[in-house]
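Everything quoted here is computed from the prediction, not taken from an experiment.
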Amino acid sequence: MDMANGKLPTRAEDFSEWYNQVVLQAELADYAPVRGCMVVRPYGWALWENITSILDKRFKETGHVNAAFPTLIPLSFFEKEKEHVEGFSPQLAVVTHGGGEQLEEPLAVRPTSETIIGYMYAKWIKSWRDLPVLIVQWGSVMRWELRTKLFLRTAEFYWHEGHTAHATAEEAKEEMLRILDIYTDFSINEAALPVLKGYKSESERFAGAQITTSIEGMMQDKRALQCGTSHYFGQNFSRAFDIKFLDRNNTLQYCETTSWAISTRIIGAIIMTHGDDQGLILPPRLAPIQVVIVPIFKNDAEKGRVMETAHRLFAELKGAGIRVKLDDREEVTPGYKFNDWELRGVPLRIEIGPNDADRNVVTLARRDRPGREGKSSVPQAALPPTVSGLLDEIQRSLLERATAFLNANIHQPGDYEELKSIVADGWAFAWWCESPECEAKIKEDTKATSRNIPFDQSGEGRCVVCGRPAKVRAYFARAY
RNA sequence: CGGGGUGUGGCGCAGUCCGGUAGCGCACCGCGUUUGGGACGCGGGGGUCGUCGGUUCAAGUCCGACCGCCCCGACCA
C-alpha cells in the first residue's frame with residue numbers, strides 16, 4: 001500500500017491548495033499525462049461506486065433503465081439545435097482521423113449525449129405506446145475546459161446522464177422534478193450535503209433547455225458548487241431530431257424531453273463541505289472504509305493478545321455489514337496510521353492496544369471530532385451495534401454542521417450595496433426582477449451569479465439591483 | 001487566447017550570476033532497534049539536468065528557437 005506523506009496547508013492558509021493536496025494525498029485522484037485529465041484512483045473510485053450504486057438503485061426504482069451510447073458523435077449533430085451548438089461547440093474535442101485516413105466527417109467526443117440519444121429516439125419512438133422512454137447512461141464525457149481542477153472541472157469526467165422522452169409537457173416536467181428530488185434526497189441524506197434546490201436563471205440555463213433546475217451546495221470557502229442538474233427541454237430537441245409519435249387520436253406529435261446529471265464533481269463537494277485541516281472527512285454512508293482498526297503493541301506477547309482481539313472484532317464488524325479495514329502494517333507506527341486514516345477521511349477508528357485487550361474494551365475515535373474529544377472507550381461486547389449507532393451519529397452530525405454553516409452564511413440584503421458586501425464572503429438571498437441585465441450587473445460588480453431560484457416563493461419585493469417590482473428571491477454567490 | 005511563473009532521480013528543491021563532468025530532503029531497497037498521535041541508526045539503488053540547435057578543449061550553467069506544465073482572467077457540470 002502506498003503511504004501518505006507531506007503536510008497539508010490549512011484551509012485558512014490556502015483553501016485551493018488544501019483541496020488539491022487532500023485529493024492527491026488521500027489518493028482519490030492524480031493528474032493524468034493529458035492536460036486537464038485526471039486518473040481516479042481506487043480509493044476515489046470506490047467512493048464513486050458507492051455514490052453510483054445508490055443512485056442507480058433509485059433510478060431503477062422509478063422505472064429507469066440503463067443503456068450505452070457511443071463516445072463519438074457526428075459533428076453535424078451539434079448543428080441541429082441552435083443554442084446547444086453555441087453552448088458546446090467551443091468545448092468539443094474532435095476526432096479527424098481514423099485508421100490513418102482523414103475522416104469524411106469529423107467526430108466529436110461526446111460532451112453530453114442529447115444529440116446522439118435524440119437521433120436514436122427518433123428511430124425508436126413511433127407511438128404513444130412507446131412512451132415514456134426513461135434511459136440512463138453511465139459513462140464519461142469530454143469538454144475542452146480552459147481551466148481545470150481535480151474532480152471540479154476536468155476535461156474528461158464521469159457521470160450519469162438521464163435522457164427521457166414523454167408524451168406531454170406535464171409528464172416531462174414531473175420527471176424533471178422527480179429526478180431533482182432524488183438528487184436532493186441523495187445529497188442531503190447520503191452525502192450529508194445540505195443543498196438548495198431551485199430553477200436556474202435564463203443566463204445560467206443549460207444550452208438548449210427551457211427549464212434548468214439545480215441543487216447548489218456551499219463549500220467551506222462559501223463559494224457555491226452546483227451538485228446536480230435536471231433539465232426540461234420542451235420540444236427543442238425533439239424538433240431538432242424529429243422525435244415524433246402518433247397519439248391516441250392518430251395525430252403526429254413531438255415528444256417532450258428531459259435530461260439530468262450528477263458527475264464526479266459531487267466528490268469535490270463532499271471534500272470541500274466536510275474536510276478539515278487533517279484532510280478528508282467522508283460521510284459514513286458513502287465512505288469506502290467506514291471503520292479502520294489500528295492494533296497497537298510493543299512485543300510478541302502483546303501482539304498475540306492484541307491481534308487476536310483485532311481479528312475477532314474485524315470479523316464481527318464485517319459480518320454485521322460494516323465496511324471495516326484492519327490496518328495490520330508493521331512497518332509504520334500507530335501514530336502514522338492515525339494521521340494516514342484521518343487524511344483519508346475514515347469516519348471511525350478503533351484502537352486496540354494491550355490495555356484495551358486486557359480490559360475487554362476498545363478505544364473509538366470519531367473523525368468528525370478530532371483529538372481527545374472524539375475518543376471514547378467502549379466494551380468489546382456488542383461492538384457492531386455500538387459502531388453502527390456511532391456511524392449514524394457521525395452522519396447526522398456532519399449534515400448538522402454543514403447545514404448550520406450554510407444557514408449562517410446566507411443573508412438577505414436590504415439594498416444593492418449590502419448585496420455587494422454579502423457576496424464577497426457568503427450568499428445573498430435577494431429579491432430580483434429576473435432580468436438578465438440586473439444579473440449581469442451583479443456579476444460584473446461582484447463576480448457573483450444567480451445560483452438558483454427556489455420554487456416556493458411568497459410575497460413580493462423590489463429588485464435589489466433596479467428597484468422594480470420583483471416576484472422572486474434568488475440566491476446569488478460566487479460559484480465554482 | 002491575455003498576464004505571471006516554472007522545467008534538474010518518484011516528489012519537493014539547491015546548483016545557473018562567475019562553464020570544469022551533479023547534490024540535499026522526503027520516498028524507495030536491506031539489516032537492526034522501535035511502535036497508545038506522522039520513529040531512529042547504519043548501509044544501498046536510482047538522474048542522457050524539458051527538446052533541438054549554437055558557442056567552447058569542456059555546457060545543468062552562456063546564446064537562440066521550440067515544447068510542456070502550474071497559477072490568475074474570459075468559458076463551464
Enquirer: Would you please name every residue forming a ring-ring contact (aromatic ring centres under 6.0 Å, His included) with A/Y31, sequence neighbours left out?
Expert: none
Enquirer: Which of these nucleotides, B/U35, B/A39, B/G37, is closest to any side-chain atom of A/Y336?
Expert: B/A39
Enquirer: Applying side-chain contact (heavy atoms from CB on, under 4.5 Å), name anything that partners A/E202, two or more places apart in sequence or on another chain.
Expert: A/R205, A/P436
Enquirer: Please state the C1' separation for the pair B/G45 and B/C31 - nearest whole angstrom.
Expert: 15 Å
Enquirer: Would you kindly give the CG-to-P distance between A/L343 and B/G38, to the nearest whole Å?
Expert: 16 Å
Enquirer: What residue pairs, at least two apart or across chains, pass ring pair (Phe, Tyr, Trp, His ring centres under 6.0 Å) with a residue in residues 202-230 of chain A?
Expert: A/H84-A/F206, A/F88-A/F206, A/F206-A/H231, A/F206-A/F233
Enquirer: With sequence neighbours left out, what residues match A/R11 under side chain to side chain donor-acceptor pair (under 3.5 Å)?
Expert: A/Q220, A/D277
Enquirer: Cation over ring, A/K420 on A/F476, under 6.0 Å and within 45°?
Expert: no
Enquirer: I'd like the P distance from B/G50 over to B/U35, given in whole Å.
Expert: 45 Å
Enquirer: When you compare B/G15 with B/U6, how far apart are their P atoms, in angstrom units rounded to a whole number?
Expert: 12 Å
Enquirer: Has the side chain of A/D340 got a donor or acceptor that lies under 3.5 Å from a partner of the other kind on the base of B/G38?
Expert: no
Enquirer: Within this structure, what is the CG-CG distance for the pair A/D368 and A/D276, rounded to the nearest 0.5 Å?
Expert: 9.5 Å
Enquirer: Relative to A/F338, does A/R349 satisfy both conditions: NZ or CZ under 6.0 angstrom from the six-membered ring centre, and within 45 degrees of the ring's axis?
Expert: yes
Enquirer: So if I apply the ring pair (Phe, Tyr, Trp, His ring centres under 6.0 Å) rule between A/Y158 and each of A/F151, A/W48, A/W45, which one comes out positive?
Expert: A/W45
Enquirer: What integer distance in Å separates A/F338:CZ from B/G36:P?
Expert: 8 Å
Enquirer: Quick check on B/A39: is either OP1 or OP2 less than 4.0 Å from any side-chain nitrogen or oxygen of A/T333?
Expert: yes
Enquirer: On RNA chain B, check which nucleotide each of A/H231 and A/S16 is closest to and give me the residue with the more 5' one.
Expert: A/S16
Enquirer: Run the ring-ring contact (aromatic ring centres under 6.0 Å, His included) test against A/F15 and tell me which residues pass, sequence neighbours left out.
Expert: A/W18
Enquirer: Give, ordered by number, those residues of residues 188-226 of chain A having at least one heavy-atom distance below 4.0 Å to an atom of RNA chain B; if nothing qualifies, reply none.
Expert: A/Q226
Enquirer: Taking the same atom, P, in B/U51 and in B/G9, what whole-Å distance lies between them?
Expert: 10 Å
Enquirer: Salt bridge or not for A/D356 and A/R305, using N-O below 4.0 Å?
Expert: no
Enquirer: Between A/E351 (CD) and B/U35 (P), how many Å, whole number?
Expert: 16 Å
Enquirer: Ring centres of A/Y475 and A/F429 under 6.0 Å apart?
Expert: yes
Enquirer: For RNA chain B, list all stems, counting runs of three or more consecutive pairs where every pair is Watson-Crick or G-U wobble with both distances under 3.5 Å.
Expert: B:1-7 with B:67-73, B:10-13 with B:23-26, B:28-33 with B:39-44, B:50-54 with B:62-66
Enquirer: Establish, yes or no, whether the cationic atom of A/K80 lies under 6.0 Å from the six-membered ring centre of A/F77 and within 45° of the ring axis.
Expert: yes
Enquirer: Name the pairs: protein N/O against N/O of nucleotides 2-4 of chain B, kept only if under 3.5 Å.
Expert:
none

Enquirer: Would you mind classifying the nucleic acid contact of A/T363 as base, sugar-phosphate or nothing, using non-hydrogen atoms under 4.0 angstrom?
Expert: base
Enquirer: So that I can tick it off, tell me whether A/K375 and A/E351 are bridged by a salt bridge, with the cut-off set at under 4.0 angstrom between side-chain N and carboxylate O.
Expert: yes
Enquirer: Quick check: A/H160 with A/Y183 (ring centres under 6.0 Å apart)?
Expert: yes
Enquirer: Donor-acceptor check, side chain of A/Q137 to backbone of A/F69, threshold 3.5 angstrom: yes or no?
Expert: yes
Enquirer: If you take any heavy atom closer than 4.0 Å to RNA chain B, which residues from residues 280-301 of chain A end up in contact?
Expert: A/I296, A/F297, A/K298
Enquirer: Heavy atoms, side chains only, cut-off 4.5 Å: are A/L326 and A/P295 in contact?
Expert: yes
Enquirer: Take a 6.0 Å sphere around CZ of A/R359 and say whether it holds more than 12 heavy atoms from other residues, nucleotides or ligands.
Expert: no
Enquirer: Checking only heavy atoms, does the side chain of A/R349 share a donor-acceptor pair with the base of B/G37 at less than 3.5 Å?
Expert: yes
Enquirer: All N/O contacts under 3.5 Å from nucleotides 43-47 of chain B to the protein, with atom names and distances to one decimal?
Expert:
none

Enquirer: Report each atom pair, protein N/O against N/O of nucleotides 73-75 of chain B, whose distance is under 3.5 angstrom.
Expert:
from  : atom 1 : to     : atom 2 : distance (Å)
B/G73 : OP2    : A/R147 : NH1    : 2.6

Enquirer: How would you label the contact of A/Y31 with the nucleic acid (heavy atoms, under 4.0 Å): base, sugar-phosphate, or nothing?
Expert: nothing
Enquirer: Whole angstroms only, please: what is the CD1-C1' distance between A/I350 and B/G36?
Expert: 16 Å
Enquirer: Can you tell me how the ring of A/F59 sits relative to the ring of A/H64, calling it parallel under 30°, perpendicular over 60° and tilted otherwise?
Expert: perpendicular
Enquirer: Does anything in residues 436-448 of chain A form a salt bridge (Lys or Arg N to Asp or Glu O under 4.0 Å)? List the pairs, not counting sequence neighbours.
Expert: A/K441-A/D445
